[in-house]
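A quick write-up on the structure given underneath.
Lettering of chains follows the sequences in order, A, B, ..., and the numbering in each one begins at 1.
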2 protein chains.
Amino acid sequence: MISKQEFIEKLRNSSLRPTKQRINICEVLFNRDKTFHFTINDLFNLIKDKTGEKVSLATVYNTVHAFHKKGYLKEIPINSNQTYFDTNVTDHHHFFDVKEEKLIDLKNEDVGPIEIQKSIPGKKIKSVEVLVKLED
Amino acid sequence: MISKQEFIEKLRNSSLRPTKQRINICEVLFNRDKTFHFTINDLFNLIKDKTGEKVSLATVYNTVHAFHKKGYLKEIPINSNQTYFDTNVTDHHHFFDVKEEKLIDLKNEDVGPIEIQKSIPGKKIKSVEVLVKLED
DNA sequence: TCGTTGTTTATAATTATTCTAAAGAAGATT
DNA sequence: AATCTTCTTTAGAATAATTATAAACAACGA
Ligand SMILES: [Mn+2]
Ligand SMILES: [Mn+2]
Ligand SMILES: [Zn+2]
Ligand SMILES: [Zn+2]
């Protein structure tokens, strides 16, 4: 259970003003035991449900992108009509249950080390992500 | 160099009527030495450029999805505003040059075998894809 | 408290994709 | 070849996620 005060400090440390809206979003995103995979719309609805206060959709977009830029959220590469984000910002891989449209974390040891044996001159590797699609 | 006749047969064998539009799209997609990564818009423009005939955007969408469903095209999971497709339908992985917005094939031996050590009850693995993002 | 700067919000704009329905083309049947 | 049926193409409208706009508002520092 992270305190409101800690969120305020975290925001300040990131030169983001600790507004009521951002604190609410932090509560919904980061006061959790396990990693949270979500779309903007998931989050928008959860904020209303969990805090009882409505935050405008524009602010949800703004805040998610601010957090993403600061490295507090990760974007998951899947083809979907909506973009998925993840509160687990460490390097890790995913199952994607195509039917349920749900992401599930894979630990690195569930996948094993991946060595890329090819390189492109002038480019360096930014990330290596495995997506395992699941069907019934 | 695949002949028009071969495309006609391929279409017929897939219970897709060999229309002028579909044949043109086949020429642009499949008369190539190396694998082709594209967005619908790329393809739409290339058809005009390469065949001199315009195919409506709706038909490009329809045809790409028909080919996708038949297994002649693969969809590549990346977060982009547009969906990427691939004429290489074998299991393989990708570099994605974030700056250039370009996909590059990785051979399976460039990545090595990937063993997924976790399973979800009632679900089976449909695909395993590695995406390696590149930066400068 | 005041001025500055950053933030929220409703709403409009943008954009990729899908839908619709009418016109056209392909294939089958006579 | 004429006819019928089914599939396909097309322009344009509809949908839906995301981004832009700009005015009201809130946080901060002096
Ligand atoms: Mn995750
Ligand atoms: Mn490829
Ligand atoms: Zn972002
Ligand atoms: Zn498709």
Side-chain angles (χ1 to χ4, degrees), chain A residues 4-5 7-28 37-48 51-70 72-73 75-85 101, chain B residues 4-5 7-28 37-48 51-70 72-73 75-85 101:
Chain A
K4 186 167 297 194
Q5 203 43 236
F7 290 132
I8 292 176
E9 280 158 32
K10 182 176 179 165
L11 287 166
R12 282 230 179 77
N13 291 338
S14 320
S15 10
L16 295 171
R17 289 186 183 171
T19 64
K20 185 159 52 91
Q21 290 88 341
R22 282 176 178 163
I23 293 162
N24 281 340
I25 294 174
C26 282
E27 308 260 20
V28 174
H37 300 110
F38 63 97
T39 65
I40 296 284
N41 215 56
D42 293 338
L43 180 56
F44 177 72
N45 291 314
L46 272 177
I47 293 163
K48 273 186 298 202
T51 72
E53 300 176 45
K54 188 209 166 196
V55 173
S56 78
L57 188 57
T59 296
V60 179
Y61 271 99
N62 288 341
T63 304
V64 165
H65 281 128
F67 288 1
H68 181 217
K69 191 178 265 180
K70 295 290 178 187
Y72 303 145
L73 292 173
E75 199 178 331
I76 311 297
I78 46 172
N79 282 117
S80 164
N81 44 334
Q82 291 174 89
T83 304
Y84 277 79
F85 294 90
E101 293 192 300
Chain B
K4 185 167 297 194
Q5 204 41 239
F7 289 133
I8 291 175
E9 281 158 31
K10 180 174 181 165
L11 288 165
R12 281 229 179 78
N13 290 339
S14 320
S15 8
L16 296 171
R17 290 187 181 169
T19 63
K20 186 160 52 94
Q21 290 86 341
R22 283 175 177 163
I23 294 163
N24 281 340
I25 294 174
C26 282
E27 308 259 20
V28 174
H37 301 108
F38 64 97
T39 65
I40 296 284
N41 214 55
D42 292 338
L43 180 56
F44 178 71
N45 290 315
L46 271 177
I47 294 162
K48 273 186 297 200
T51 71
E53 299 175 46
K54 187 208 167 195
V55 174
S56 78
L57 188 57
T59 296
V60 179
Y61 272 99
N62 289 341
T63 304
V64 165
H65 281 127
F67 287 1
H68 181 218
K69 191 178 265 178
K70 294 291 176 185
Y72 303 146
L73 291 173
E75 199 178 330
I76 310 297
I78 46 173
N79 282 116
S80 164
N81 46 332
Q82 292 174 86
T83 304
Y84 276 80
F85 294 91
E101 294 191 299

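As a whole-Å value, the separation of B/Gln21 CD from C/dA25 P is 9 Å. Protein atom CG of A/Leu43 is 12 Å distant from nucleotide atom P of D/dT18, rounded to whole Å. Atom CG in A/Asp42 sits roughly 11 Å away from atom P in D/dT18 (whole-Å rounding).
Between A/Thr83 and D/dT18 there is a side-chain N or O to OP1 or OP2 distance below 4.0 Å. Distances shorter than 4.0 Å separate none of the side-chain N or O atoms of A/Thr19 from OP1 or OP2 on C/dG6. Within the 4.0 Å cut-off from OP1 or OP2 of D/dT19, at least one side-chain nitrogen or oxygen of A/His65 is found. Between C/dT9 and A/Lys20, no contact under 4.0 Å exists linking OP1 or OP2 to a side-chain N or O.
The base of C/dT7 lies outside donor-acceptor range of the side chain of A/Arg22, with no N or O pair under 3.5 Å.
The nucleotide whose nearest atom lies closest to any side-chain atom of B/Tyr61 is, among C/dT8, D/dA17, C/dT17, C/dT17. The nucleotide whose nearest atom lies closest to any side-chain atom of A/Gln82 is, among C/dT7, D/dA17, C/dT9, D/dA17. Listed nucleotides: C/dT7, C/dT9, D/dT10. Nearest to the side chain of A/Ser56: C/dT9. Considering only the side chain of A/Thr63, C/dT8 comes nearest among D/dT9, C/dT8, D/dT6. The A/Val55 side chain lies nearest to C/dT9 when the options are C/dT9, D/dA27, D/dG12. Closest contact between the side chain of B/Asn81 and the listed nucleotides C/dA16, D/dC28, D/dA17 involves C/dA16.
Put simply, the residue from B/Ile76, B/Thr39, B/Ile40 that forms a side-chain contact (heavy atoms from CB on, under 4.5 Å) with B/Phe85 is B/Ile40.
In this structure, A/Thr51 contributes its side chain and A/Glu53 its backbone to a donor-acceptor pair below 3.5 Å.
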